[in-house]
Amino acid sequence: AMSAMVGALSDDLGQPGSCNEGFVRDDAILVVTIITDEEDKGSTGTPEGWYANIVASKKGDASAVVMLGLVNDVDQPAPSCSAQAEDAVKLRTFVEMFPNHTRGSVCAPSFNTFFEDAVALIDQTCDEFVPAG
């Protein structure tokens, strides 16, 4: 999943005539949402490398990205996910690297608070965003 995300935001796929031409815009923030109850075991790379690639897609401006993560919460004192759930350490680490991020439990009985927080964060990030140039 993370490899696909990095690939989708690559310069190669964003070139004129490529399948993702115009997807990453200089005049807009990038909002990424990760929803999973598992760790990403199939992707190559590390959270640091994924982060560097995503930030590079926004010309080095990490503040132009909002990272939303609904992942398991077995690292929390009173988790909603079962103790047998796989800890998504790499995904959690990745999400929390971004200055504009929010994380919630994919096992929570309701996602209302998560999405209310996400909308507020996106709104604030848009208000503070100054396009390069």
Trainee: Can you name the side-chain contact (heavy atoms from CB on, under 4.5 Å) partners of I35, sequence neighbours left out?
Mentor: T33, L70, V106

Trainee: Would you give the length of the straight line joining atom CZ of R92 to atom CE of M97, rounded to the nearest 0.5 angstrom?
Mentor: 12.0 Å

Trainee: Of all heavy-atom pairs between A1 and S43, which one has the smallest distance, and what is that distance?
Mentor: N-OG, 3.2 Å

Trainee: With the side chain counted from C-beta on, respond yes when V95 and I34 share a heavy-atom pair under 4.5 Å apart, and no when they do not.
Mentor: yes

Trainee: Are any of the side-chain heavy atoms of T36 and V71 separated by less than 4.5 Å?
Mentor: yes

Trainee: Measuring from atom CG of D37 to atom CG of D73, what distance do you get when rounded to the nearest 0.5 angstrom?
Mentor: 11.0 Å

Trainee: Can you name the closest pair of heavy atoms from V24 and S57 and give their distance?
Mentor: CG1-O, 3.2 Å

Trainee: In the single-linkage hydrophobic clustering (I, L, V, M, F, W, Y; side-chain heavy atoms under 4.5 Å), do V65 and I122 co-cluster?
Mentor: no

Trainee: Does F111 have more than 12 heavy atoms from other residues, nucleotides or ligands lying within 6.0 Å of its CZ?
Mentor: yes

Trainee: Could you report the tightest heavy-atom contact between D75 and N72, atom names first, then the distance?
Mentor: OD1-O, 4.2 Å

Trainee: Check side chain to side chain donor-acceptor pair (under 3.5 Å) between Q124 and all other residues, then give those that pass, not counting sequence neighbours.
Mentor: E128

Trainee: Side-chain contact test, heavy atoms from C-beta onward, threshold under 4.5 Å: evaluate it for V74 versus E86 and give yes or no.
Mentor: no

Trainee: Is the shortest heavy-atom distance from the side chain of F114 to the side chain of R103 under 4.5 Å?
Mentor: no

Trainee: Applying ring pair (Phe, Tyr, Trp, His ring centres under 6.0 Å), can you list everything that pairs with F98, at least two apart in sequence or on another chain?
Mentor: Y51, F94

Trainee: Would you compute the distance between atom CG of D40 and atom CE of M5 and round it to the nearest 0.5 angstrom?
Mentor: 8.5 Å

Trainee: Test your reading of the model: is there a side-chain donor-acceptor pair from W50 to the backbone of L91, 3.5 Å cut-off?
Mentor: no

Trainee: Testing the basics here: between G17 and E21, what is the closest heavy-atom pair and its distance to 0.1 Å?
Mentor: N-OE1, 2.8 Å

Trainee: Write down the atom of L121, the atom of N100, and the distance for their closest heavy-atom approach.
Mentor: CD2-C, 3.7 Å

Trainee: When you compare the side chain of P131 with that of D26, does any pair of heavy atoms fall below 4.5 Å?
Mentor: no

Trainee: Hydrophobic clustering (ILVMFWY, side-chain heavy atoms < 4.5 Å, transitive) - are V55 and I29 grouped together?
Mentor: no

Trainee: Please indicate whether D11 has more than 12 foreign heavy atoms, meaning atoms of other residues, nucleotides or ligands, lying under 6.0 Å from its CG.
Mentor: no

Trainee: Using the rule that Ile, Leu, Val, Met, Phe, Trp and Tyr join whenever any side-chain heavy atoms are under 4.5 Å apart, tell me whether V32 and F23 fall into a single cluster.
Mentor: yes

Trainee: Rounded to the nearest 0.5 Å, what separation is found between the CE atom of M2 and the NZ atom of K41?
Mentor: 16.0 Å

Trainee: What I want to check is whether the side chains of N20 and S18 have a donor and an acceptor closer together than 3.5 Å.
Mentor: no

Trainee: Mind listing the closest non-hydrogen atom pair of F129 and D27 along with its distance?
Mentor: CE2-C, 3.6 Å

